[in-house]
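The next block holds one structure in the form of structure tokens; read it before the comments.
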2 protein chains.
Amino acid sequence: MRKEIEQLNKIFDSRIRIGIMSALMVNESMNFNELKALVDATDGNLATHLKTLEDNTFIKVEKGFIGRKTNTTYAITKAGEKAFRSHLDALEKIIKNLG
Amino acid sequence: MRKEIEQLNKIFDSRIRIGIMSALMVNESMNFNELKALVDATDGNLATHLKTLEDNTFIKVEKGFIGRKTNTTYAITKAGEKAFRSHLDALEKIIKNLG
DNA sequence: TAAAAGCACTTTGAGATACAAAGTAAATAA
DNA sequence: TTATTTACTTTGTATCTCAAAGTGCTTTTA
């Protein structure tokens, strides 16, 4: 397999996950509804994608409270940042090669 | 949904399909084995991806002969070129936005 | 020239994944 | 106190991915 293609990460073969990751690259943290509005997924669908990213340690989930209300936030991890950048680098190379 | 993410094409949410498309962007046409070597998929897997791309009119298949041997070639269509470029444009914007 | 092997895909079936609907538990409103 | 909303989670199905097995040639081998 050509090495740039090999370098693409299967986990990021998803529009929703790319949306989540690129949002978390530029935002310190986001909550469920912010992400939901951004990627336009249903609750169940978004939750599943977040779970996958969490299972791969690409994002971390923090469950806390604001007053008495639950407040869950999602943030990118170092590993996530690294993996996503490397995925984007591979894409960039593919794009460049096409001129 | 943010518009660059919306602009990403679900059909190209696949490393193998990105591999096929980017190869066909730079090669006039390729045959089954060339593509197979490039994307490193099994026969069945590659055939399925090619079928999906064909069903979406992103590639065209030409079945001919060289002497008495079958010769099937795959080439990108205008629609495929347009769709793939637009997908890459969206990715490029996402990459740029991250700096 | 008949049987075996190789080639270029295609078909099939199982496992994985994506997705929406329904469910749940806590908080707020009526 | 009961009803509604909020913020997810669970569940079941539909879709998709994939490798193994199959098909219909052609070519090689005996």
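We name chains A, B, ... by the order of the sequence lines, and we start the count at 1 in each one.
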Which residues within residues 22-33 of chain A lie with some heavy atom under 4.0 Å of an atom in DNA chain D?
F32(A), N33(A)

Does any residue of residues 66-75 of chain B have a heavy atom under 4.0 Å from DNA chain D, and if so, which ones, in number order?
R68(B), K69(B)

Along DNA chain C, first and last positions that approach a heavy atom of chain A under 4.0 Å
dA18(C) to dT28(C)

Go through M25(A) and I76(A) one step at a time and tell me if the side chain to side chain contact (heavy atoms under 4.5 Å, CB included) criterion holds.
CA-CA 7 Å; M25(A) 287 286 276; I76(A) 202 165; 3.4 Å; yes

Any non-hydrogen side-chain atom of R2(A) less than 4.5 Å from a side-chain atom of S22(B)?
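They are in contact (side-chain heavy atoms under 4.5 Å apart), so the answer is yes.
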
Which pair of non-hydrogen atoms, one from A75(A) and one from L24(A), has the smallest distance, and what is that distance?
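Result for this residue pair: C-CD1, 4.1 Å.
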
Could you report the tightest heavy-atom contact between I16(B) and A41(B), atom names first, then the distance?
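Smallest interatomic distance, heavy atoms only, reads CD1-CB, 3.9 Å.
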
Pairs of donor and acceptor atoms involving the side chains of residues 44-59 of chain A, under 3.5 Å and at least two apart or interchain, shall be tabulated with distances.
{"unit_1": "N45(A)", "atom_1": "OD1", "unit_2": "H49(A)", "atom_2": "NE2", "d": "3.1"}
{"unit_1": "T48(A)", "atom_1": "OG1", "unit_2": "G44(A)", "atom_2": "O", "d": "2.7"}
{"unit_1": "H49(A)", "atom_1": "ND1", "unit_2": "R17(A)", "atom_2": "NH1", "d": "3.0"}
{"unit_1": "K51(A)", "atom_1": "NZ", "unit_2": "D55(A)", "atom_2": "OD1", "d": "3.2"}
{"unit_1": "K51(A)", "atom_1": "NZ", "unit_2": "D55(A)", "atom_2": "OD2", "d": "3.3"}
{"unit_1": "T52(A)", "atom_1": "OG1", "unit_2": "T48(A)", "atom_2": "O", "d": "3.1"}
{"unit_1": "N56(A)", "atom_1": "ND2", "unit_2": "T52(A)", "atom_2": "O", "d": "2.8"}

Return all side-chain donor-acceptor pairs below 3.5 angstrom for residues 28-35 of chain B, not counting sequence neighbours, or 'none' if the list is empty.
{"unit_1": "N31(B)", "atom_1": "OD1", "unit_2": "N33(B)", "atom_2": "N", "d": "3.1"}
{"unit_1": "N31(B)", "atom_1": "OD1", "unit_2": "E34(B)", "atom_2": "N", "d": "2.9"}
{"unit_1": "E34(B)", "atom_1": "OE1", "unit_2": "N31(B)", "atom_2": "N", "d": "3.0"}

Pairing residues for K69(B) by the side chain to side chain donor-acceptor pair (under 3.5 Å) criterion, not counting sequence neighbours:
none

With K36(B) via side chain to side chain donor-acceptor pair (under 3.5 Å) - residues at least two apart
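Only D43(B) meet the side chain to side chain donor-acceptor pair (under 3.5 Å) criterion with K36(B).
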
N/O donor-acceptor pairs under 3.5 Å from side chains in residues 84-98 of chain B, not counting sequence neighbours:
{"unit_1": "H87(B)", "atom_1": "ND1", "unit_2": "N9(B)", "atom_2": "N", "d": "2.9"}
{"unit_1": "N97(B)", "atom_1": "ND2", "unit_2": "K93(B)", "atom_2": "O", "d": "3.4"}

Which nucleotide span of DNA chain D, 5' end to 3' end, has atoms closer than 4.0 Å to non-hydrogen atoms of chain B?
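The protein-touched segment is dT17(D) to dT27(D).
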
Judged by nearest nucleotide, the residue sitting upstream toward the 5' end of DNA chain C, K63(B) or K10(B), is K63(B)

Which pairs with one or both residues in residues 71-81 of chain B pass side-chain hydrogen bond (donor to acceptor under 3.5 Å, both in side chains), sequence neighbours excluded?
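Sorted pair list comes back empty.
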
Mind checking the CG-CD1 spacing from L38(A) to I20(A)? Nearest 0.5 Å is all I need.
8.5 Å

Where along residues 43-58 of chain A does a heavy atom come under 4.0 Å from DNA chain C, residue by residue in number order?
G44(A), N45(A), T48(A), H49(A)

